[in-house]
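Here the structure comes first, spelled out in structure tokens, and everything after it is commentary.
As a basis for the values below, the full set of heavy atoms in this structure was taken, side chains included, without hydrogen atoms, waters or symmetry mates. Note on naming: letters A, B, ... go to the chains in the order of the sequence lines (proteins, then strands), and numbering restarts at 1 for each one.
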Protein chains: 2
Amino acid sequence: MEDDWKVIYEDWSPKKQPAREALTTLGNGYLATRGAAEEADAGGPHYPGTYLACGYNRMTSDVSGRKVENEDLVNWPNWLSLKFRIEDGDWFDLEQVKIINYRNELDLKKGVLRRTINFADKHGRETSLESRRFVHMKYHHLAAIEWKLTPENWSGKIELQSALDGTVTNSGVGRYSDLAGNHLQPLETQKVDDTCILLVVETKQSKIRMAQSARTNVYADNKSISPDFEIIETEGYIAQKLTFNAEKDTTFRIEKLVAIYTSRDHAISEPASESCNAVHRAGSFDELLISHEREWGQLWYRCDMELEEGEYTQMILRLHIFHILQTASSNSIDLDMGIPARGWHGEAYRGHIFWDELFVFPFLNFQLPELARSLLMYRYRRLPAARRAAKEAGYKGAMFPWQSGSNGREESQELHLNPRSGEWDKDNTHLQRHVGAAIAYNIHHYFEATRDLEFMSFYGAEMLLEIARFWSDIAEWNPERERFEIKGVVGPDEFHTQYPGSDKPGLNNNAYTNVMAVWVLEKALGALDQLSETRKEELFDELNIDEDELERWKKITRKMYIPFLENNIISQFEGYGDLEEIDWDKYRKKYDDVQRMDRILKAEGDTPNRYKVGKQADVLMLFYLFSVEKLKELFNRLGYDFEPSYIPVNVEYYLKRSSHGSTLSRLVYSWVLSRSDRQRSWKAFQKSLESDFEDVQGGTTSEGIHLGAMAGTVDIIQRCYTGLEIRDGVLWVNPRLPRELKSLKLRIRYRGHWIGFSFTQQKIKVKFENGWSPKVEIGYKSKVYAFGQGDQKELEI
Amino acid sequence: MEDDWKVIYEDWSPKKQPAREALTTLGNGYLATRGAAEEADAGGPHYPGTYLACGYNRMTSDVSGRKVENEDLVNWPNWLSLKFRIEDGDWFDLEQVKIINYRNELDLKKGVLRRTINFADKHGRETSLESRRFVHMKYHHLAAIEWKLTPENWSGKIELQSALDGTVTNSGVGRYSDLAGNHLQPLETQKVDDTCILLVVETKQSKIRMAQSARTNVYADNKSISPDFEIIETEGYIAQKLTFNAEKDTTFRIEKLVAIYTSRDHAISEPASESCNAVHRAGSFDELLISHEREWGQLWYRCDMELEEGEYTQMILRLHIFHILQTASSNSIDLDMGIPARGWHGEAYRGHIFWDELFVFPFLNFQLPELARSLLMYRYRRLPAARRAAKEAGYKGAMFPWQSGSNGREESQELHLNPRSGEWDKDNTHLQRHVGAAIAYNIHHYFEATRDLEFMSFYGAEMLLEIARFWSDIAEWNPERERFEIKGVVGPDEFHTQYPGSDKPGLNNNAYTNVMAVWVLEKALGALDQLSETRKEELFDELNIDEDELERWKKITRKMYIPFLENNIISQFEGYGDLEEIDWDKYRKKYDDVQRMDRILKAEGDTPNRYKVGKQADVLMLFYLFSVEKLKELFNRLGYDFEPSYIPVNVEYYLKRSSHGSTLSRLVYSWVLSRSDRQRSWKAFQKSLESDFEDVQGGTTSEGIHLGAMAGTVDIIQRCYTGLEIRDGVLWVNPRLPRELKSLKLRIRYRGHWIGFSFTQQKIKVKFENGWSPKVEIGYKSKVYAFGQGDQKELEI
């Protein structure tokens, strides 16, 4: 079945085009590109890799008083730029011609975007145009586009313009339009030879050089021809103008290969010269396509998840895997990059790294652990900045920023534009201290999946200890309650940032935050047991940790305060019960879409802080992240009751009070319902699947896909419905496939083994395909089996 | 005993100063610095890290026709620049004052260089100056210098100038003086505030930005004072002029902290702003010193080798370990660096990476394997360039360059200046194809020491296969001999590059090269067995390897030709026996130093190609790299006899014919004699130890230490005298301590364990101190013992 490998649009819709462009973005972890050659629109945005993302766009001073204008995510110069016209007419423009046939197809298996268009211009000249393009998945400096142009009922002069365009600006997100969007300083344009041009620009603040070389060749019926040649150069822009006579029924093939380097690349002398060399040395479009497809073949062998359910679900699931693999890949391992919340698919959130990576790590830990490690190293390199932030806020340890950019400082905006009101609201979301807990969670689970003790020993433990120390220090002992408390923070639910009537930002005892703090302290203490004595002593000495401090950590894991409402409902934060209920009907009548209830309320002069209304229910995140057994252990140690029956009660309570304003919200519901109500879980899963594909937030997909939500759906397949969980050194399975899902096949990497799993409603097949490590244990229904390379087993459900 | 941790000079000798500066270079794998503040000389060279080394200095065109001027190793701007004068007199200059006391001390344990000088100027003013400096081993962007200035018998005005000097040039190697030495383009100088200045420069060809900020504070009797302040700025140079009144017997302490960043650093926004911030945030000299010393403490815990022999040997051995750790360190893991032949200690060989890393890897594999891996990744990133080089030379596979720089192309000079004749001789040393075999050797031994199957699977095997394929393709079948042959190459002995009378460069069947080729093919075939089936198929598909090709590899391992002379002497190359014997006495009478016999002969219009005279005996390298058992296996499979008794015969033969023109030569003798003649081995070892310390080549040390030779002496202690060898998955020991060496203690890392070894003439103690891996086996005298964490054992010799 090929259709479940393809995203196909058979109509041309200017309105839907921006979201579709985001969904058909091509990337390889180094270079991302969307928008289109001039066949489609006037050159949409073309997105770069993370290392160009520097921070929120505002003037700030660093400690030395030097003015620093920070950059957003920086667009690559547009390498796709390719346009044509007939007989000195208008440049081809999809919106100005009569479209006879149209088909746009993203081939997920091969990583190729293909578009075929038949059209007639105002002179009745019919032309067919087939374009294919890819961003090379193995040779990550290379990308290519091919056009096949056929005059169907005419002969005449064709003029092509193939350009490298460094005049691109950030203009993909409407509400950022007041911010400076021009980040590229043109440095050089050059005609290298008759088929090759060069463009060099530099990012304005971060001073990163970006060089592109393009080689354009034209073939008539596959014979190379030499069109008339002219160079057009303006500042930051260079184009080859190619003119030739076209005959009816002859197919003209135009190949444009581009090589892209930056001054941050390894193994180069200087980017301009490397890009010239690379584009000369690269083979033809078809040759490059072979190695590109082979690389995708290797990736899919490892990363595909095969469902027996229906083409639609399968296709979207693959689209999500595809975008994870395009955002982070082994091509990015050297690049000091993190996982941006919106992929490299749009300018929203400015390329920053949030806690959303929490949703991407489970996939990477089990499929591409070397990549997971490299993303954790992104955090490790910013540990000094996180320590500094904690110190400046008056805490010990490391306080990672809510929004992380190039150098690890806090990049969160202080004001946020409300598109409903046009006002700039004060933004306190940076009080989300829980990002550190998410990093600790990722470290712990990477380690569990790989047992990479070298990483834990030299990097992981140090981060865990410093994050734990922050939680220990921010927790205050309340002698009256005889409990530790954490005050003045914001939880994942961004609708609540302060108490109604209060002028102080932050809330007290956010349940999610408090439980995570306890969990982090427990895991940091546990990591110490993994270290060698020498390394432990070294770290204690370096970080100045003593026994008293460890005692305090242990005490917090027994004495943290968790707020409860009645009926075993965990209170989102202390005082949540005192908030007013919201009148959903009232607002649903008044507004089409109440997902962003915060913006509605603020535009009405009200505030979500007054109400029991959530963007996402952060209490439920606890059931998402932890098994019942684990929660029972955590709560009981704290002296609170916890029974499995509490979960559905809490789910019902918060489900009623959530606007699903976050793409992550439904995901969490799908997960937490999977054991108690498989039908509703499957529905929530389906809905989550569609959130970008159908642009359910109405316009946010075009600003960049939601990578956390995409990865979350993959994780529901991978870990939730299979029950895959590492506990006490055993990899447990406990499948609960929804009825609709007849079977599920996937491969994972686990402690040096490649394991093939196949689940049906009746059976589990486990096959250890390849591996290089000692035997490991797989558990099912309280029985544990040892597996080594080549072993396989079938288990009845 | 502190003296075996210190390199001490108690006299001031302008003549010896250049070599001493090289030996007391400070570095941290990112930043290296030598030369001195103005107290000593007029600002010697200050050396950078590898990633700035770009290639041989000549104008070349790349394939696109763009002119590219390549750079040598680029000097950092001089951050040490600090000078003073009294009452508008002359600037302090060691050569213009009367020195009363002088002591220069490099503390290897702490990584601190300390100098105390008492002097009197022409006015009879006596002053004492104590300086300390370090390049921070943990916070690798930071370096610091401190002066304590005390007027002993006078009071008066002191003027200080503390500068950042970007006008430095490459001028450390006399014979390069005709080459362009000015590689820095000044971009910016700025007074940041009253104590802080900033300098930004860019490398001319590679366009790497380098930013330095310096903060200078003055204290009188430890109280901060505010001297008169003035800024001096010229192009590429900025200084703070600080003037204050000094009183007799008061000690003025001057602290200069500097923060250094480049545009290639990870986790930065932009280098100038990061350096400003870093120097502001850094603590005081004393605070930084604490963390610096702690880091060195951790390194020495892992890397020290304790000898019971005498202070002198112990001290030089530690000096050698010190320089390895300063050239490559965990600070360089992100930097895409290789191991430069001359460290970062001088400009000779222009920072290029040769095969010399072969001598450094055994230490790194067993002490800092994560660093060894990162150095192998330097090669992996340049595998595409090596493939291209092979293709351009008409071969399959990968041909790594003899001299490797920034982008992996061949950087070898085509001409070489003979300082004896002043002529530029044609240089064919790039025909040393054996560098690829050395890389394969390093990959194999890294893997054996670590069992890092992830590395082998995704990177190592691909390199091994491509290197093997090159050897298979360069080998030609000679149907008459029924043997494979390798023609037109140069062996490690650079005195022989072609046949006398021939106008074609290269020699046929260099024994070392041919044996290495066989060994590489064998190991590449063996690596395939380590890979999972999937990965093997992927690689075969990607590299287009088929069974026929593997059959050819196997055949070569049975049918390679190895030339022999009579009496079981392996012939250095085919036809070596026909060369003339050299009249050593004649030349020894005529010349003081005959180490560089090649230069002598060429200056006389003769050529070493005519004679049986070697710079180093490359046949003996085989005995250095392989055990007798391994050689017997290799030769017997080829159908040649090989007996242990051949070794001393070959050693004697080639020892007579070697000029020891390479620092590696005596090292190899020490190794190969260690079993047959411990006395001579120990003497050769002692002589090797001194090669840089005593600058035995008469002037080359000042151009950069010889890192391969230094590391080789460490390896003689670590592997040769202990007999440490991994064979069939067992770590064997077989100590043969020379009589002079009463005991030897060292720690190694082996497959996830830290093992403490202690050897005496009578006993071996093995202690598994820390570790995280399954048990491993240690073998002694054909018995094998399993060890896990905490296990220890004593064995009688």
Residues which pass side chain to side chain contact (heavy atoms under 4.5 Å, CB included) with B:Arg451, listed by chain and number, not counting sequence neighbours: B:Phe447, B:Leu453, B:Gln530, B:Arg751
Heavy-atom proximity to chain B below 4.5 Å, by part of A:Glu537: neither
Measure from NZ or CZ of B:Arg382 to the centre of the six-membered ring of B:Tyr378, then state whether that distance is under 6.0 Å and the direction lies within 45° of the axis. yes
Using a strict cut-off of less than 4.0 Å between a Lys/Arg side-chain nitrogen and an Asp/Glu carboxylate oxygen, indicate whether A:Arg373 and B:Glu454 qualify as a salt bridge. no
Under 4.5 Å to a heavy atom of chain B? For A:Arg379 that would be neither
Comparing A:Glu533, A:Arg302, A:Arg388 against chain B, the one with the most heavy-atom pairs below 4.5 Å turns out to be A:Arg388
Please classify the contact of A:Ser457 with chain B as side chain, backbone, both or neither, using a heavy-atom distance under 4.5 Å. side chain
Proximity breakdown for A:Arg294 and chain B, heavy-atom pairs closer than 4.5 Å: side chain
Measuring heavy-atom distances to chain A, does B:Tyr139 have an atom under 4.5 Å in its side chain, in its backbone, in both, or in neither? neither
Angle between ring planes, A:Phe455 versus A:Tyr459, binned at 30° and 60°: parallel, tilted or perpendicular? tilted
Apply ring-ring contact (aromatic ring centres under 6.0 Å, His included) to B:Tyr261 and list each qualifying residue two or more places apart in sequence or on a separate chain. B:His141
Non-hydrogen side-chain atoms of A:Arg535 and B:Gln298 separated by less than 4.5 Å: yes
Among B:Lys138, B:Met456, B:Met377, single out the residue with the greatest number of heavy-atom pairs under 4.5 Å to chain A. B:Lys138
Quick check on B:Arg749 against chain A: is it the side chain, the backbone, both or neither that has a heavy atom closer than 4.5 Å? side chain
